[in-house]
There are 2 protein chains.
Amino acid sequence: MTAENAENKPETRIQREKREIILEAALEIFSIHGFRGATIDQIAEAASMSKPNLLYYYRSKEDIYAALLHRLLDTWLAPLAEMDAAGDPVQELRRYIRRKIEMARDFPRESRLFANEILRGAPHIANILTKELKPLVDEKADVLRQWMRQGKIASVDPYHLIFALWATTQHYADFDAQIQAVLGPGRSGEGRFEDAARFIEQLFWNGLRPK
Amino acid sequence: MTAENAENKPETRIQREKREIILEAALEIFSIHGFRGATIDQIAEAASMSKPNLLYYYRSKEDIYAALLHRLLDTWLAPLAEMDAAGDPVQELRRYIRRKIEMARDFPRESRLFANEILRGAPHIANILTKELKPLVDEKADVLRQWMRQGKIASVDPYHLIFALWATTQHYADFDAQIQAVLGPGRSGEGRFEDAARFIEQLFWNGLRPK
DNA sequence: TGAATTTTTGACCGATTGGACAAATCCTAA
DNA sequence: TTAGGATTTGTCCAATCGGTCAAAAATTCA
């Protein structure tokens, strides 16, 4: 019988382990080649199993990809979700920038996976974007507006502020090839993430200082 | 005989016209599907010609892609190249931001084409990045440093400043699907580019105001 | 232990894709 | 007008890819 749980029988130990291995391999391959560019053979190879064996755990390439995106989503949105209305705005924004830069440094594959998906028009996660991301961003935009009303940060469009935070931080994962080419061999070490964090903090700290 | 000019015979009128049509079609298809996801048949269809006919003008899919990237590069780098050391820093940066946002609005296909290429590790333009882009950025980083020494803008890392300008502006083309999902139907009209330009100008204007 | 169930695999298939080729048609310049 | 080169197309091919299937091997549990 196939391992796919259309009806919810309990997952066996082997199923849990193998699905884990497959998703890790899929992240590696999909983040490099994109959905279309990746092949099931490559993923199977990276997961050290035969193609039919892999297809025993996930019925199709689409299934693997969808499972991977769903699994990573919460992790991906965690930094924004943790932004706390009750905290100090400067501290909260600083912390958010730090976490996003750390993710660009430590989880570039995840960043590129999502970047590629959005670049293609988000065909697999369109409803996630409107059903989960939008409400979260709406909520945090309210938090930002609250801080603005309290005079703690400058009054700007909160949505574009969030976009700018995303753009500046994720840039270091998604466009790494360009950044390394421009910075050259001298500055392309891991220190660039620290420099980036410092610059971005300074930019937003001065840029949002209340008048 | 093939139309490909290994040796430099003059290009005929038909060759000029057809190559133009092919590259326009290739931009459309490649920017949507990426290099791997696009097919020669799709490009031929979009260019209203048969596949063998298309392959008469460009020997291979790689050739079309390479020709397209090279053709668009100058246009793509023009805004940065035009940043003038002799001009007023605030005006120059403001103008740069405006031009980049206009390009995100008017040439999203070009932006996504390059974004996808960089995301994949820039396999086709690695040497362009180091031979053309890096020198240009080095030159403009010097201009920025000069402005900083003159006390006209705050002292920050000029490279990360350029990265942040790229990131915030190109974001509106490359991640358009996400932005439209988050802003929702009410705000996803063309006005978002104007809002974005205003926000980014304000962010950098305040963020770079000399102390 | 041994039967039932789960897991693994080799062989295979149809569709798609990048590209080759030769024949046919069209242009153009003398 | 016409010869020679430029352009166009129908046909075909080999490789790749997503996925199937039946049978073998391994595991689980009564």
Side-chain angles (χ1 to χ4, degrees), chain A residues 1-26 28-30 32-69 120 123-124, chain B residues 1-26 28-30 32-69 120 123-124:
Chain A
M1 179 192 273
T2 175
E4 201 71 40
N5 280 328
E7 296 144 48
N8 37 9
K9 303 179 185 174
E11 201 178 38
T12 70
R13 173 184 55 85
I14 291 179
Q15 284 170 15
R16 222 179 313 117
E17 291 170 1
K18 290 299 173 71
R19 289 219 176 92
E20 175 67 33
I21 291 170
I22 291 170
L23 290 186
E24 161 61 28
E28 181 68 22
I29 302 299
F30 279 135
I32 293 174
H33 303 285
F35 177 76
R36 183 74 195 276
T39 71
I40 299 183
D41 288 281
Q42 287 174 314
I43 299 171
E45 160 91 32
S48 305
M49 62 179 71
S50 67
K51 180 167 62 170
N53 196 188
L54 187 150
L55 285 167
Y56 169 72
Y57 291 103
Y58 291 99
R59 259 194 275 270
S60 69
K61 189 179 170 184
E62 292 266 0
D63 270 17
I64 307 171
Y65 189 69
L68 183 59
L69 285 175
R120 300 272 87 83
H124 300 85
Chain B
M1 178 193 269
T2 174
E4 200 70 40
N5 279 329
E7 296 145 46
N8 38 7
K9 303 181 184 173
E11 199 178 38
T12 70
R13 174 184 53 86
I14 291 180
Q15 284 169 15
R16 223 178 312 117
E17 291 171 0
K18 290 300 172 71
R19 288 218 177 92
E20 174 67 32
I21 291 170
I22 290 170
L23 290 186
E24 160 61 26
E28 180 69 21
I29 302 299
F30 280 135
I32 293 174
H33 302 287
F35 177 77
R36 182 73 195 277
T39 72
I40 299 182
D41 288 281
Q42 287 174 314
I43 299 171
E45 161 90 32
S48 305
M49 62 181 72
S50 66
K51 180 167 63 167
N53 197 187
L54 186 151
L55 285 168
Y56 170 73
Y57 291 103
Y58 291 99
R59 259 195 275 270
S60 69
K61 189 179 169 183
E62 291 267 357
D63 271 17
I64 307 172
Y65 189 69
L68 183 59
L69 285 175
R120 300 271 89 82
H124 299 85

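Residue numbers begin at 1 in each chain, while the letters A, B, ... track the order of the sequences.
Here the closest heavy-atom approach between residue A:A26 and residue A:I64 is recorded as CB-CG2, 3.5 Å. The heavy-atom pair separating B:Y57 from B:R19 by the smallest distance is O-NE, 3.4 Å.
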Enumerate, atom names and distances included, each donor-acceptor pair closer than 3.5 Å involving a side-chain atom of residues 40-54 of chain A, sequence neighbours excluded.
{"from": "A:Q42", "atom 1": "OE1", "to": "A:T39", "atom 2": "N", "distance (Å)": "2.9"}
{"from": "A:Q42", "atom 1": "OE1", "to": "A:T39", "atom 2": "OG1", "distance (Å)": "3.4"}
{"from": "A:S50", "atom 1": "OG", "to": "A:N53", "atom 2": "N", "distance (Å)": "3.3"}

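At whole-Å resolution of the value, CZ in A:R19 and P in C:dT8 are 12 Å apart. Rounded to whole angstrom, the span from the CG atom of B:L55 across to the C1' atom of C:dT17 amounts to 11 Å. Straight-line distance from the NZ atom of B:K61 to the P atom of D:dA15: 18 Å, rounded to whole Å. Between A:H33 atom NE2 and D:dC17 atom P there is a gap of 10 Å when expressed in whole angstrom units. Atom CZ in B:R59 sits about 16 Å away from atom C1' in D:dT7, given to the nearest Å. At whole-Å resolution of the value, OH in B:Y58 and C1' in C:dG19 are 18 Å apart. Note: CZ (B:R16) to P (D:dT7) measures 11 Å, nearest angstrom. Atom NZ in A:K18 sits roughly 9 Å away from atom P in C:dT7 (whole-Å rounding).
Regarding contacts with the backbone of D:dG19, every side-chain N or O of A:Y56 stays at 4.0 angstrom or more from both OP1 and OP2. Considering only side-chain N and O atoms, A:Q15 lies nowhere under 4.0 angstrom from the phosphate OP1 or OP2 of C:dT6. Contact check, B:N53 against D:dT9: a side-chain N or O comes under 4.0 Å of OP1 or OP2.
The stretch residues 36-52 of chain A comes close to DNA chain C through A:R36, A:S50, A:P52, each having a heavy atom under 4.0 Å from the strand.
Counting heavy atoms from C-beta outward, B:R120 and B:R36 have side chains that stay 4.5 Å or more apart. Looking at B:Y65 and B:H124, their side chains come closer than 4.5 Å, going by heavy atoms from C-beta outward.
The CD1 atom of B:I29 lies 10.0 Å from the CD atom of B:E24; values are rounded to the nearest 0.5 Å.
Not counting sequence neighbours, A:K18 has no partner by the salt bridge (Lys or Arg N to Asp or Glu O under 4.0 Å) test.
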